[in-house]
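Throughout, residue positions are numbered sequentially from 1 according to the sequence presented.
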Amino acid sequence: EDAGAPHFPFPYQPYPIQEQFMQALYGALEHGKVGIFESPTGTGKSLSLICGALSWLRDHEEKRRQEADRLLQGDGGTSLSISSSLSTTTSSTPPSSSAEPDWITDFVQKKAERDFVSKLKDEELRRKKREEHLEMIRNNSQLKYALKRKSCEDDEAVKLLQLSKDPQEGELNNPEEELIVAEYESDDESKTKNKFCGGDDDDEDDLLEEHVTKIYYCSRTHSQLAQFVHEVQKSPFSQDISLVPLGSRQNMCVNEEVRRLGSVQRINDRCMEMQKNKHDQRPKEVEGGKRKRGAPKAVCPYVGAQGLQTLRDTVLGAVRDIEQLLSLARETRSCPYYATRLAIPPAQLVVLPYQTVLHEGTRRASGVQLKGQVLIIDEAHNLSDVLSCIHSSELTGAQLCRAHSQLAQYSERYRSRLKAKNLMYIKQILFVVEGLVRVLGGKCVYVLTELLTINNFLFKAQIDNINLFKVQRYFEKSMISRKLCGFIEKYAGTGVTSHTQTSHTQTANKENRRTEGLNRYLQTLQKSPPGQQGAAEERELAASPMMQVEGFFMALTNANTDGRVVLHTQGNVAVSSMKFLLLNPAVHFSQVLKDCRAVIIAGGTMQPVSDFKQELLFSAGVGAERIIEFSCGHVIPPENILPIVLCSGPSGQELEFTFQNRDTPHMCNVYVFVCVVCFFPSYDYSRRILENWDASGVLARLSSKKKIFQEPKKANQVEKVLNEFSRTIQRCAVDAGTLSGALLFSVVGGKMSEGINFSDDLGRCIVMVGMPYPNIKSPELKEKMAYLDKNLPHSGGRSPGQALIENLCMKAVNQSIGRAIRHREDYACIVLCDRRYSRPATLAKLPDWIRAHTHTHTSFGPAFASLRRKRATSPLGYPRSGDRTSDWILLEGC
């Protein structure tokens with residue numbers, strides 16, 4: 001081993017590909033690269049990421065300490081070293097043209113050196129205090145905090161709990177004061193900052209720290225994040241690393257009264273309201289010195305500063321996933337949502353969901369700072385789609401009408417108490433909402449889809465004279481959406497409704513004409529049967545409509561070329577909708593790439609990556625020299641996998657499951673080997689095939705050998721189906737019954753094509769029926785293709801739009817067929833039923849470890865024979881006694 005090579009602690013002897021992975025990862029982090037890393041599931045990708053990245057972090061911190069010690073030493077080379085360091089930091093500053101006397105130059109140089117040394121000493125002192133504090137926590141020593149917080153009578157959590165329950169306690173000022181928007185002056189940013197943001201609470205200021213060098217790890221789901229944390233717990237770094245898991249309020253709230261609200265938006269609103277109530281618990285005297293009692297305000301008993309500090313330190317002291325953290329928070333009666341955010345600055349590893357790090361507003365609100373840090377994005381095969389989805393927005397006519405109605409009632413009720421600027425902006429918001437309703441119309445008798453640029457949409461809605469940037473700033477500073485939620489919740493049932501009667505909005509003939517579509521919708525609400533309208537109303541009320549409008553306003557501030565507005569208009573305004581479609585996700589990813597020291601984009605199946613680099617990296621201004629790619633093979637031996645491209649069926653006719661001929665009889669042949677997972681291109685095609693089989697008796701023949709399972713459309717039923725599928729496989733392995741296995745029909749891009757493990761006997765054969773191309777008639781996809789054709793270079797004789805279609809298809813295929821091989825001892829067959837898979841350009845988009853062993857068979861006989869030979873040999877031959885579970889069922893014709 002080279003003397004200068006990094007050392008990677010590992011819980012066991014790593015595979016050679018893991019060593020290569022960690023070496024490449026270390027180099028990418030050290031040199032500030034953007035890395036695309038592909039490591040198939042079952043090759044220990046998570047551990048390689050953990051040990052490689054944390055080894056770099058360990059060495060990086062050690063180098064910084066050594067450099068600081070060297071500069072702070074009292075030897076003769078100190079001045080020279082400091083001067084060298086200063087010169088590197090100020091090299092971009094041009095020298096002064098005027099000649100200064102030597103004594104002035106010497107004085108300035110010595111002062112800069114003293115300041116630099118003082119800064120280094122402060123950093124070193126903070127580092128030592130931080131390490132000593134963590135060491136005390138890990139050793140369970142008695143912690144003595146020197147908080148500047150003013151101590152209250154007893155435990156603040158108990159006091160807050162009593163305050164939230166006691167009807168005699170409450171705020172003494174006007175109970176409606178919290179609903180009134182404060183004075184707003186858009187031309188004076190300092191005033192708005194003071195008025196709306198206010199001074200930070202002194203207690204919370206004491207808890208804030210500077211950010212140390214850290215690694216942000218993000219993935220798609222909370223279960224994947226929990227699995228990653230468990231891998232960290234098993235790694236050699238588990239005792240030395242400070243890890244903080246982040247999650248949404250919905251996942252991390254321990255206040256049962258708030259959790260019972262159910263929806264994400266209601267939980268967020270209630271939490272923020274309770275935090276505001278906590279800061280507003282100062283009694284106020286009114287005229288004559290008498291105190292006027294108002295309605296009590298609920299505050300959360302879990303947000304005491306002492307409790308948050310203790311929980312924060314406990315989080316930093318040991319590695320815990322969210323479930324373990326929630327249990328601890330309930331015991332200590334402290335809020336894990338706010339405690340984890342306080343723990344971000346001193347943490348070395350922060351684990352968080354996609355949305356928290358990829359959306360700038362959420363990132364800022366969570367306290368995530370990417371400047372100079374490392375970001376690892378795992379399961380990133382769909383990163384482009386995730387970015388587009390996060391920054392897209394959709395509004396229905398019902399939401400628009402409700403938002404307009406609620407804001408109009410709010411304005412009418414508090415007109416005498418609102419300042420002129422507030423009334424002006426509220427009128428602008430109402431005007432824009434009316435324009436959006438007017439665009440939806442509601443006069444057509446059939447569904448009409450229209451695609452517009454942002455500017456054309458603004459002209460069509462006649463709102464191009466409104467400065468949406470100022471309106472958006474007003475939304476952010478005034479928090480009008482949240483105040484509107486509180487207003488509706490407070491006065492529901494007292495004459496204020498979620499949608500007004502038509503007469504409430506008809507104040508003048510001019511306004512009647514402007515709100516024609518709005519009034520028409522409100523009239524339909526009154527005429528609709530209660531049973532039909534009730535479900536729709538419940539869905540609309542589940543989210544704050546003005547919050548949705550605010551999100552759509554923000555989307556409209558994108559550049560005209562980066563997005564489109566899709567209008568779906570129908571006869572009823574309520575069911576019509578408008579959607580902002582982001583065409584250029586790189587515009588929101590570029591800031592992440594610019595701020596981070598290094599970005600690692602990892603996944604089990606990243607192929608194909610050509611469009612990924614063009615659309616997300618090159619378009620964001622990343623040069624080719626900063627991008628590195630790493631792809632490793634699988635740890636399984638070659639004989640453990642048999643990928644086959646099947647070009648023809650038993651009758652000799654070619655298999656080509658295009659939309660035009662996928663329903664022909666010879667396209668319905670299925671070959672079942674032991675326990676099979678069969679993927680279809682769509683739910684509709686899967687349904688038609690099964691109906692055809694049922695009518696012809698094929699399904700009955702198949703059911704006599706295998707128990708049939710179908711992927712459910714509802715997400716809450718997936719686990720039940722998978723458990724029953726697994727139990728059937730296990731019973732068939734030991735019982736000598738009539739059934740010899742199970743067959744699961746799934747859909748590409750559905751609930752079971754990603755994140756589900758069909759390891760071992762659950763998936764000895766994966767059958768892919770056809771090629772799951774997306775719907776090219778979709779207006780959104782057409783616009784995306786046109787945008788790429790116009791803005792990206794053509795290559796290989798294909799336009800970027802055509803390449804997008806091909807890549808979307810093959811990424812979905814790679815995700816689905818990757819379900820079978822999940823560990824070193826696993827083995828499976830993969831059958832690709834479509835002759836189009838044999839095209840060289842298509843084969844090139846398969847993962848390397850599958851493509852290298854793929855066999856193409858133009859006729860059915862040799863393909864069937866190769867499968868039989870493979871079954872008879874180890875390891876694909878089954879070690880169980882008898883051959884009944886390895887039978888084949890050939891379904892000919894439908």
Side-chain angles (χ1 to χ4, degrees), residues 156-165 170-171 178-179 196-198 200-201 203-204 207-208 222 244-281 295-309 311-312 315 322-323 325-330 332-344 352-353 355-356 359 361-368 475-476 478-490 492 541-548 550-551:
E156 186 179 2
V158 175
K159 185 193 71 173
L160 292 175
L161 180 61
Q162 292 173 348
L163 188 59
S164 66
K165 299 292 186 182
E171 187 157 75
E178 64 172 4
L179 301 178
F196 289 101
C197 300
D200 291 334
D201 189 86
D203 303 336
E204 293 177 0
L207 300 177
L208 298 179
H222 282 282
V244 174
L246 298 185
S248 64
R249 285 182 173 90
Q250 187 182 36
N251 286 283
M252 301 194 76
C253 181
V254 291
N255 188 330
E256 292 302 325
E257 292 184 6
V258 178
R259 289 175 62 88
R260 280 197 292 268
L261 295 175
S263 73
V264 176
Q265 193 59 61
R266 288 177 181 270
I267 291 175
N268 289 344
D269 292 346
R270 185 61 171 163
C271 177
M272 296 194 70
E273 177 191 347
M274 296 174 88
Q275 297 315 302
K276 181 180 180 299
N277 293 345
K278 175 198 171 187
H279 293 289
D280 290 344
Q281 289 300 322
K297 291 184 177 182
V299 291
C300 185
Y302 293 87
V303 290
Q306 181 72 45
L308 290 180
Q309 175 76 30
L311 184 58
R312 184 201 82 145
V315 168
I322 286 184
E323 292 302 322
L325 180 58
L326 290 179
S327 299
L328 180 64
R330 291 188 181 98
T332 59
R333 298 192 63 78
S334 300
C335 176
Y337 178 81
Y338 286 106
T340 52
R341 275 147 182 77
L342 292 174
I344 292 176
L352 67 173
Q355 291 81 354
T356 306
H359 188 271
T362 309
R363 194 164 64 237
R364 188 169 58 247
S366 301
V368 173
F475 267 116
E476 293 177 357
S478 68
M479 297 183 291
I480 181 68
S481 298
R482 298 193 181 278
K483 292 181 181 293
L484 196 57
C485 291
F487 169 73
I488 293 299
E489 183 178 347
K490 185 178 185 69
L541 288 173
S544 306
M546 189 55 73
M547 296 239 179
Q548 303 296 112
E550 181 180 347

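- One finds the OG atom of Ser248 at 8.0 Å from the CD1 atom of Ile267 (value rounded to the nearest 0.5 Å).
- At distances below 3.5 Å, not a single donor-acceptor pair connects side-chain atoms of Arg333 with backbone N or O atoms of Ala329.
- Counting only heavy atoms from C-beta outward, the side chains of Asn251 and Leu326 never approach each other to under 4.5 Å.
- Taking CZ of Arg341 as the start and CG of Leu352 as the end, the distance is 9.0 Å to the nearest 0.5 Å.
- Atom-to-atom distance recorded for Ile480:CD1 and Glu550:CD is 10.0 Å, nearest 0.5 angstrom.
- In this structure, the side chains of Leu328 and Ser334 stay at 4.5 Å or more apart for every pair of heavy atoms.
- The nearest pair of heavy atoms linking Leu308 to Val303 is CD1-O, 3.8 Å.
- Smallest separation of non-hydrogen atoms from His222 and Pro353: CE1-CG, 4.0 Å.
- Checking side-chain atoms of Ser366 against main-chain N and O of Arg363 turns up no donor-acceptor pair under 3.5 Å.
- Rounding to the nearest 0.5 angstrom, the gap separating the CD atom in Glu257 from the SG atom in Cys300 is 9.0 Å.
- The distance from the OG1 atom of Thr332 to the OH atom of Tyr302 is 9.5 Å, given to the nearest 0.5 Å.
- Shown here for Leu311 and Ala339, the closest heavy-atom pair between the two residues is CD2-CB, 3.6 Å.
- Under the 4.5 Å side-chain criterion, counting only non-hydrogen atoms from C-beta, Ile344 is in contact with Leu246.
- Formation of a donor-acceptor pair under 3.5 Å by the Arg330 side chain with backbone atoms of Val254 is not found in this model.
- Side-chain atoms of Thr362 never come within 3.5 Å of backbone atoms of Thr356 as a donor-acceptor pair (strictly under, hydrogens ignored).
- For the pair Arg249 and Tyr338, the minimum side-chain heavy-atom distance is below 4.5 Å.
- The minimum heavy-atom distance linking Pro245 with Ile322 is given by the pair CB-CG1, 4.0 Å.
- Phe475 places a side-chain heavy atom less than 4.5 Å from the side chain of Ser481.
- The side-chain heavy atoms of Leu325 and Met252, taken from C-beta on, include a pair separated by under 4.5 Å.
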